[in-house]
Amino acid sequence: MPPVSVPATGSVPDRNLALELARVTEAAALGAAQWIGRGDKNAADQAAVDGMRAILDTVTMAGVVVIGEGEKDEAPMLYNGEEVGNGQSPEVDVAVDPLEGTRLTATGQPNAIAVIAVAERGTMFFPGAAVYMDKIAGGAEVAEAIDIEASPEENVERAAEAKGVKPSEISVVVLDRERNGELISSLRECGAKVMLITDGDVAPAIAAANPSRPVDLMMGIGGTPEGVIAAAAVKCLGGAVQGRLWPRNDEERQALVGAGLDAERVLTTDDLVRGEDIFVAATGVTDGALLEGVRYTREGAVTDSIVMRSRSGTVRRVQAWHAFEKLSKLSGREYR
């Protein structure tokens with residue numbers, strides 16, 4: 001992991017960036033929503049990227065993408081190392097997923113979102129060659145109880161005790177992949193309610209940390225970049241994420257070692273996002289457990305977003321009405 005730098009005096013965010021970031025995820029969601037159910041996940045992703053990039057550079061910040069969609073030669077994606085924002089203070093790390101759930105969007109399934117996280121410069125974990133991470137996430141009630149080194153059964157029992165309920169009342173979201181098969185079986189054997197998802201584990205992690213959502217834990221092996229974004233959001237909500245890098249083979253394990261990453265180390269929320277000034281915004285693309293999807297009207301569309309700030313612990317739900325004719329005049333971009 002690159003050395004963590006301390007932000008220069010005056011460069012720490014001193015205002016709430018989250019509401020500005022909501023405009024970024026709204027633009028990404030509006031772009032992606034045009035492709036809901038059309039069977040083209042690449043077009044949906046590109047539309048989300050285009051929408052996000054167009055607004056991102058208007059945000060007052062000097063951002064560097066730490067968690068993006070690939071390297072520079074894969075542009076026009078928002079690539080790792082890309083400078084974003086208008087270049088003015090504060091200096092920040094940026095993690096983006098313009099469309100978490102490209103396949104969900106293409107097939108018209110629930111839980112696709114656009115999401116962005118921002119923290120002080122040098123405070124976000126850079127995963128390098130680590131594609132996958134084993135994770136567990138939960139809200140404030142279970143933050144001190146969960147332990148990725150404990151068995152699934154133990155974590156369910158600990159969560160149940162912390163919440164004052166029976167283990168059979170604990171709901172756990174797990175990504176439906178073969179690599180999580182043993183975990184799913186263990187959770188079912190101990191009586192937990194297992195809620196399988198086909199794609200995307202940022203929204204479920206946020207839902208697990210949000211006391212108003214019917215989810216208690218998110219567990220299993222998913223993407224490492226998504227783990228960093230999830231940690232930023234969960235930290236804003238007062239919850240906890242623990243992760244451990246999951247190399248797929250010896251070659252990948254050696255690549256991690258070469259990059260100075262330890263696959264055996266348990267990464268805490270603070271390891272994944274060290275900052276105390278963290279801002280997260282997410283907007284629904286399709287309806288889901290966390291957010292409603294984009295809804296079209298005669299004149300435009302309605303979006304549903306959540307915005308969070310770690311320092312204040314403030315979480316806002318933002319419903320916005322977008323008039324396409326006026327937006328097109330202001331931006332010079334076509335909305336439909």
Side-chain angles (χ1 to χ4, degrees), residues 7 10-29 52 55-56 58-63 66-67 84-85 88-97 100 113-121 123-124 137-144 163 202-216 218 226-241 268-270 272-285 288-292 302-322:
S11 70
V12 174
D14 59 357
R15 69 184 192 286
N16 194 346
L17 284 170
L19 291 173
E20 290 185 59
L21 297 176
R23 294 173 50 243
V24 175
T25 55
E26 286 169 356
M52 179 170 278
I55 304 301
L56 191 53
T58 71
V59 178
T60 304
M61 65 180 184
V66 176
I67 304 293
V84 294
Q88 298 179 29
S89 182
E91 297 179 356
V92 294
D93 285 346
V94 180
V96 298
D97 198 340
E100 188 198 39
I113 64 169
V115 62
I116 185 170
V118 168
E120 304 106 301
R121 178 69 57 81
T123 60
M124 280 187 178
E141 284 184 290
V142 302
E144 298 298 323
K163 285 179 167 262
V202 173
I206 298 174
N210 190 331
S212 68
R213 301 289 93 187
V215 179
D216 300 297
M218 190 277 291
E226 290 83 353
V228 178
I229 298 174
V234 171
K235 191 168 184 175
C236 290
L237 291 163
V241 174
T268 66
T269 314
D270 288 333
L272 295 168
V273 187
R274 295 177 184 271
E276 294 302 324
D277 283 289
I278 302 166
F279 306 89
V280 178
T283 301
V285 177
L290 180 66
L291 294 163
E292 293 183 358
V302 181
T303 54
D304 183 29
S305 303
I306 187 170
V307 295
M308 297 171 268
R309 185 185 191 186
S310 64
R311 185 171 290 278
S312 64
T314 304
V315 179
R316 290 181 172 90
R317 193 76 176 264
V318 179
Q319 192 173 55
W321 283 259
H322 306 270

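Reckoned from all heavy atoms, side chains included, excluding hydrogens, waters and symmetry mates. The shown structure was predicted, so the numbers you read here are calculated from the model rather than taken from an experiment.
Shortest non-hydrogen contact noted between S310 and C236 is N-SG, 3.5 Å. What you find for V307 and A22 is that their closest heavy atoms are CG1-CB, 3.6 Å. The two atoms that bring A203 and E100 nearest to each other are N-OE1, 3.4 Å, heavy atoms only. Scanning all heavy atoms of the two residues, the minimum distance from E292 to D304 falls at N-OD2, 2.8 Å. Closest non-hydrogen pair, T123 versus D93, comes out as N-OD2, 3.0 Å.
With contacts defined as side-chain heavy-atom distances shorter than 4.5 Å, the pair V24/V59 qualifies. Counting heavy atoms from C-beta outward, V92 and E120 have side chains that stay 4.5 Å or more apart. With contacts defined as side-chain heavy-atom distances shorter than 4.5 Å, the pair M218/V241 does not qualify. By the 4.5 Å heavy-atom criterion applied to side chains, K235 and L237 are not counted as neighbours. Using a 4.5 Å cut-off on side-chain heavy atoms (C-beta onward), M61 and V94 make contact. Side-chain contact between V84 and M52 is absent, with no heavy-atom pair separated by less than 4.5 Å. Residues E26 and S305 meet the side-chain proximity criterion, which asks for heavy atoms closer than 4.5 Å.
Distance alone, capped at 3.5 Å, places no donor-acceptor pair between the T283 side chain and the A29 backbone.
Applying the side chain to side chain contact (heavy atoms under 4.5 Å, CB included) rule to A207 yields the partners R213, V215; only residues at least two apart in sequence or on another chain are considered. Residues that satisfy the side chain to side chain contact (heavy atoms under 4.5 Å, CB included) test with A140, not counting sequence neighbours, are absent from this structure. With sequence neighbours excluded, the residues satisfying side chain to side chain contact (heavy atoms under 4.5 Å, CB included) with A232 are A117, V273, I278, V280. In this view, E276 satisfies the side chain to side chain donor-acceptor pair (under 3.5 Å) rule with no residue, not counting sequence neighbours. Here E141 pairs with K163 under the side chain to side chain donor-acceptor pair (under 3.5 Å) rule; sequence neighbours left out. Qualifying side chain to side chain contact (heavy atoms under 4.5 Å, CB included) partners for A282, counting only residues two or more places apart in sequence or in other chains: I113, V115, L291, I306.
T268 and D270 are not linked by any side-chain donor-acceptor pair at a separation below 3.5 angstrom, with hydrogens and angles left out of the test.
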